[in-house]
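Comments concern the structure below.
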Amino acid sequence: MASCLQISDDEKGHDLELFCVPRHYESDLDKVIIPHGLIMDRTERLARDIIQDMGGHHIVALCVLKGGYKFFADLLDYIKVLNHNSDKSVPLTVDFIRVKSYCNDKSTNSIKVIGGDELSNLAGKNVLIVEDIVETGRTMQTLLSLLNECNPKMVKVVSLLVKRTPRSSGYRPDYIGFEVPDAFLVGYALDYNEYFRDLSHICILNEQAKEKYKM
């Protein structure tokens, strides 16, 4: 089982006034649950683990948009640093796919994959899927099923967050940053109806904000 940093269900988090939070979001958040600096430190270690396991093989890093873009960019920056300063380096190319399974704060049964026609280009390649958060796991299982039809040589999944939820299918990625409580999280490119992507820290959204930004 992939190791990760666990954020407990009774984690008190951190007061917003201790951090730089955009003023327009201050009334929308309960607390900071993962500060930006901790995200970056954990991402650096994930990059090292990925290099250790997949080093020496050309990797296609597949970013799951939109929520994964910030984690994807920072992870690849750390991999590039390791490439420049290590005996073991990884030739790296990138590709992008968009997967949508949310309406407001509810995960839907309908999973929409945009860009799936291009997955055929991944045949015979080593693929690293980079995701922001795994909740039920069904979205990722659907994507992996589509990907396996294209016959890649190897597929690994890294997710910054995995949510502890009774709705989980039991799926676990190969690499996990943090295991988090069953709360609605925003920030560091995780959104609520496209808001909060510009928040540096990962925070818990309050109930008033869910109504305020509801579509």
Side-chain angles (χ1 to χ4, degrees), residues 1-55 59 61 63-86 88-90 92 94 128-135 156-165 172-192 194-206 209 213:
M1 183 178 292
S3 60
C4 63
L5 200 161
Q6 293 195 0
I7 309 296
S8 66
D9 290 338
D10 58 357
E11 169 62 45
K12 293 184 175 17
H14 309 280
D15 291 338
L16 298 177
E17 54 265 29
L18 297 174
F19 297 88
C20 292
V21 174
R23 185 153 298 184
H24 53 276
Y25 289 148
E26 285 180 349
S27 64
D28 302 323
L29 307 168
D30 276 344
K31 58 188 176 183
V32 174
I33 193 166
I34 310 178
H36 182 256
L38 184 56
I39 296 169
M40 298 302 287
D41 280 359
R42 184 70 187 123
T43 301
E44 183 177 15
R45 177 54 195 254
L46 289 171
R48 195 170 85 181
D49 291 344
I50 290 164
I51 287 280
Q52 186 66 38
D53 293 347
M54 303 179 76
I59 297 173
C63 176
V64 180
L65 296 171
K66 294 180 183 177
Y69 80 86
K70 190 75 178 74
F71 176 49
F72 182 79
D74 289 335
L75 180 69
L76 263 59
D77 280 345
Y78 281 123
I79 289 176
K80 284 193 294 184
V81 170
L82 289 169
N83 274 345
H84 293 160
N85 299 292
S86 172
K88 199 172 191 179
S89 64
V90 180
L92 199 63
V94 302
L128 176 69
I129 300 175
V130 183
E131 174 69 291
D132 57 347
I133 185 167
V134 169
E135 299 194 37
K156 297 280 189 181
V157 178
V158 56
S159 182
L160 177 64
L161 306 175
V162 169
K163 187 176 284 190
R164 285 188 303 276
T165 171
R172 302 278 290 184
D174 301 285
Y175 309 97
I176 301 169
F178 302 88
E179 187 179 277
V180 295
D182 192 9
F184 200 89
L185 305 179
V186 294
Y188 193 69
L190 289 109
D191 76 301
Y192 178 68
E194 298 303 323
Y195 293 94
F196 302 99
R197 295 194 194 277
D198 53 336
L199 179 63
S200 296
H201 314 289
I202 294 177
C203 302
I204 294 180
L205 191 70
N206 64 34
Y213 298 102

Report task. Start with the C-alpha distance between Phe72 and Val94, add both sets of side-chain angles, then the distance that settles side-chain contact (heavy atoms from CB on, under 4.5 Å), and finish with yes or no. Result -> CA-CA 10 Å; Phe72 182 79; Val94 302; 3.7 Å; yes

Query raised in the report: Can you check side-chain contact (heavy atoms from CB on, under 4.5 Å) on Ile34 and Val180, steps first, answer last?
Result: CA-CA 10 Å; Ile34 310 178; Val180 295; 4.1 Å; yes

Report task. Apply the test side-chain contact (heavy atoms from CB on, under 4.5 Å) to residues Leu16 and Tyr25: give CA-CA distance (whole Å), side-chain angles for both, the deciding distance (0.1 Å), then the verdict. Result -> CA-CA 10 Å; Leu16 298 177; Tyr25 289 148; over 6 Å; no

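The shortest distance between side-chain heavy atoms of Val134 and Val157 does not fall below 4.5 Å. Counting heavy atoms from C-beta outward, Arg172 and Cys4 have side chains that approach closer than 4.5 Å. Contact of the Leu82 side chain with the Ile50 side chain is not registered, since no non-hydrogen atoms from C-beta on lie closer than 4.5 Å. The shortest side-chain heavy-atom distance between Met54 and Leu128 falls under the 4.5 Å cut-off. Contact check for Val130 versus Val64: no side-chain heavy atoms found under the 4.5 Å cut-off. Using a 4.5 Å cut-off on side-chain heavy atoms (C-beta onward), Glu131 and Pro173 make no contact. Side chains of Ile51 and Asn83 form a contact here, defined as non-hydrogen atoms less than 4.5 Å apart. Contact check for Leu29 versus Val186: side-chain heavy atoms found under the 4.5 Å cut-off.
Ion pairing between a basic and an acidic side chain is recognised when a charged N comes within 4.0 Å of a carboxylate O; Lys31 and Glu11 show no such pairing. Between Asp9 and Arg164 there is a salt bridge, since at least one side-chain N of the basic residue sits less than 4.0 Å from a carboxylate O of the acidic one. Contact check on Asp74 versus Lys70 returns a salt bridge, with a Lys/Arg side-chain nitrogen under 4.0 Å from an Asp/Glu carboxylate oxygen.
Across all their heavy atoms, Ser200 and Ile39 have their closest contact at O-CD1, 4.1 Å. The two atoms that bring His24 and Tyr213 nearest to each other are O-OH, 3.9 Å, heavy atoms only. The shortest heavy-atom contact between Thr165 and Glu135 is CG2-O, 3.7 Å.
The closest side-chain donor-acceptor pair between Tyr192 and Asp28, if any, does not fall under 3.5 angstrom. Under 3.5 Å, the side chains of Asp132 and Tyr188 contain no donor-acceptor pair of N or O atoms.
For the side chain to side chain contact (heavy atoms under 4.5 Å, CB included) with Phe71, the lone residue among Leu46, Leu76, Leu161 that qualifies is Leu46. With Phe178 as the partner, the side chain to side chain contact (heavy atoms under 4.5 Å, CB included) test is satisfied by one option alone out of Ile202, Leu38, Ile33, Val162: Leu38.
Within 6.0 Å of OH on Tyr78 lie more than 12 heavy atoms contributed by other residues, nucleotides or ligands.
Between Asp174 atom CG and Ser159 atom OG the span is 11.0 Å, to the nearest 0.5 Å.
Ring-plane geometry between His201 and His36 is classed as perpendicular, the angle between the planes exceeding 60 degrees on a 0 to 90 degree scale with a lower cut at 30.
With sequence neighbours left out, the side chain to side chain donor-acceptor pair (under 3.5 Å) criterion links Arg48 to no other residue.
The closest donor-acceptor contact from the side chain of Asn206 to the backbone of Ala209 lies under 3.5 Å. The main-chain N or O of Gly67 is never found under 3.5 Å from a side-chain atom of Asp191 such that the two would form a donor-acceptor pair.
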